[in-house]
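Everything below concerns the one structure shown next.
Remember, it's 1-based here, ligands and their atoms both numbered in the order they're listed.
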Amino acid sequence: MAGDDAIPRRPVVWTIAGTDSGGGAGIHADTRALDAFGVHGACAVAAVTAQHSLAVTHVEPVSPAVLGAQLEALAADMPPDAIKTGLLASVENLRVVVAHVRRLRARFPDRAVPLVVDPVFGATTGASFADEALRVAYREELLPLATLATPNVAEARALVPSSQLLGPEPLARAWRAFGARAVVVTGGDSDRLAEEELEQLSTARLASRLAEIDSRAAWAHDWLDAEHGQRSRGWLASRRIETEHDHGTGCVFASAAAAAMAHGFVAADAVVLAKMATCEGLRNAYAAGGGAGPVAPRAGFATRLANLPVLNPLPDADSRFAFPAMPGHTRGLYAIVDSSAWVARVLAEGVRLVQLRVKEVPADLLVREIRAAVAIARAVGATLIVNDHWELALELGAHGVHLGQDDLAGADIDALHHAGLLLGISTHSYWEVCRARALRPSYIACGPIHATTLKQMPWIPQGDANLAYWCALLHDTPVVAIGGMDAARARDAMRAGAWAVAVVGAITRSEDPRAAIGLLQQATASVSRAAPGSLPAFARTTLDGSDTRRLA
Ligand SMILES: Cc1ncc(COP(=O)(O)OP(=O)(O)O)c(N)n1
Ligand SMILES: Cc1nc(C(=O)O)sc1CCOP(=O)(O)O
């Protein structure tokens, strides 16, 4: 049948999993998550379970022939943009899945079908679904194909010998060594006080450690270890949602990650979106039967700030003060320049927010430049932000610091905070936004909004729709738009809700910087935000997922 051109094709996600007669977990939970992401969910039943909200009373794997027939039927007409596996229930069924994944990847070498493996070894109600042979098959045959694996701590330990005392971090490393490209160990038990620790702590330290555990208990932690290096590794934390209805949480989380990957997101971003969908699902969970009712995610989950996790919150995240608010006069044009002479030039034209971004100059010249820029800005009551060089910014009295994601690990955030400096942080993706928000900065920069020639970056330009999305989502933090800005684009960025528009080339590479600044000032002055029309349900992906989705 011919397709309707007016209706965009939905990505297709296959869930290969078990049925749940109680409708709480397995394929039923998967389908709810896939619907919330606007993908088409197709299913292949690997096992049938008899269960309700209190117990599993029967599990029966389907025959490999029945599973194979379902997968062949799907492959013939609706090849997947991502696959999620749940309960497989037999080694033979696992091997059918492995063969189909290999075949699909060979058939679609440019599409690199992402595979999310949710290892289901037992039910929360107590039933066991896996023996040693199946666990070995997961480790040796399925995980080497996984783009993302989503074990909880108990499942992660089940595949790692002598791991009863290991926490989520080494467990995730071990699972990556089995071949999974990214791993998220859900429900990290980092809040426990180990017996050895109890013996070693002084009474005074014990009180503060218990207080810390108490405050952490209000948060749900998952350990993320993805392929984007140190920056996308760490604790993803969300405020715990109090509900007794959590049946199918793991299925929803893994299916949500697969749906996000089908939309093109890389693993780290997919995990953030999965956590948002799961939070929303827990908020909407309801009773069905006498035990834990089903988690019920809904569309719109990614537009609610309370669902956005933070990545690597500082230990005292709850009690920390935010960095200072951006002063009112900084709204509008944000000029970024590379010398104190340029600082003087843009301030003379009336710019009131300026960043000194100096790369690769001798240390003594750098000190002279920052000192001069601080003096010039202070003289006219403008706000001077120093890029990268946070120690000099502190020492020489700048108003604030701008840090990129690579700069965060080396910076003394507490020292900047105590000194009352403004803090701005660059972001380009979901997981970077989560990392920035953990520090409660004065502003979050979103970029590149348009293609820039100033520097090479892996990021796909975000466009005004993403900018409007981020401005709406991050409603408690000013958003600075950067990348490829000129006067017309700056006006659009302000209408999308930006606090300020950061500009380099359109000023410093202009033949007539004075005129260019004038146009940019006009474009950013008193522009009111457009009435929120149809905002995207979530941001468009900013990395080419196919680079990292492809597996050998
Ligand atoms: C306002 C603003 N946004 C983003 C950047 C980029 O900072 P960073 O990621 O540290 O990259 P470099 O500027 O160091 O190349 C910025 N400087 N300002
Ligand atoms: C320095 C910088 N950072 C970006 C980011 O997205 O983080 S875009 C960018 C370049 C901005 O220069 P121009 O205004 O000339 O495009």
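- Polar contact with ligand 2: absent for M485 (N/O pair, distance under 3.5 Å).
- With a 6.0 Å radius and a threshold of 12 heavy atoms from other residues, nucleotides or ligands, R298 has its CZ atom at or below the threshold.
- The main-chain N or O of L423 is found under 3.5 Å from a side-chain atom of S442 such that the two form a donor-acceptor pair.
- Contact atoms of ligand 2 toward G505: 13 (P), 14 (O), 15 (O) (distance under 4.0 Å to a heavy atom of the residue).
- Between the Q405 side chain and the E432 main chain, a donor and an acceptor come within less than 3.5 Å of each other.
- Considering backbone and side-chain N/O atoms, I482 never comes within less than 3.5 Å of an N/O atom of ligand 2.
- Neither the backbone nor the side chain of H450 has any atom closer than 4.0 Å to an atom of ligand 2 (non-hydrogen atoms only).
- In L454, the part holding a heavy atom less than 4.0 Å from any atom of ligand 2 is the side chain.
- Stacking of R240 on the aromatic ring of W219 is not recorded, the 6.0 Å distance cut-off and the 45° axial limit not both being met.
- D269 contributes a side-chain N or O that, together with a main-chain N or O of W431, makes up a donor-acceptor pair within less than 3.5 Å.
- A salt bridge links D81 to R111: one of the charged nitrogens lies within less than 4.0 Å of a carboxylate oxygen.
- Applying the 4.0 Å criterion to heavy atoms of G483 picks out, from ligand 2, the atoms 8 (S), 16 (O).
- At a 3.5 angstrom cut-off on N or O pairs, T452 counts as close to ligand 2.
- When the shell of 6.0 Å around CZ of R283 is examined, it contains more than 12 heavy atoms from other residues, nucleotides or ligands.
- Near P448, with a cut-off below 4.0 Å to any heavy atom, the atoms of ligand 2 are 6 (O).
- In terms of polar-atom proximity, defined here as any N/O pair under 3.5 Å, H428 does make such a contact with ligand 2.
- Considering only heavy atoms from C-beta on, R352 comes within 4.5 Å of L347 through its side chain.
- Using a 4.0 Å heavy-atom criterion, the residues that approach ligand 1 are Y334, I336, Q355, R357, K359, N387, D388, H402, G404, D407, S426, Y443, A445, K455, V480, I482, A502.
- The stretch residues 458-483 participates, sequence neighbours left out, in these salt bridge (charged side-chain N to carboxylate O under 4.0 Å, His left out) pairs: R437-D476.
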Enumerate, atom names and distances included, each donor-acceptor pair closer than 3.5 Å involving a side-chain atom of residues 479-501, sequence neighbours excluded.
{"from": "D486", "atom 1": "OD1", "to": "A488", "atom 2": "N", "distance (Å)": "3.2"}
{"from": "D486", "atom 1": "OD1", "to": "R489", "atom 2": "N", "distance (Å)": "2.8"}
{"from": "R489", "atom 1": "NH1", "to": "G484", "atom 2": "O", "distance (Å)": "2.7"}
{"from": "W499", "atom 1": "NE1", "to": "T330", "atom 2": "OG1", "distance (Å)": "3.0"}

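- Considering R357, E432, Q355 only, the shortest heavy-atom separation from atom 1 (C) of ligand 2 involves R357.
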For residues 503-511, please give each side-chain donor-acceptor pair under 3.5 Å, one per line with the distance, not counting sequence neighbours.
{"from": "T508", "atom 1": "OG1", "to": "V504", "atom 2": "O", "distance (Å)": "3.2"}
{"from": "R509", "atom 1": "NH1", "to": "T453", "atom 2": "OG1", "distance (Å)": "3.3"}
{"from": "S510", "atom 1": "OG", "to": "D512", "atom 2": "N", "distance (Å)": "2.9"}
{"from": "S510", "atom 1": "OG", "to": "D512", "atom 2": "O", "distance (Å)": "3.2"}

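- Neither the backbone nor the side chain of R509 has a heavy atom within less than 4.0 Å of ligand 2.
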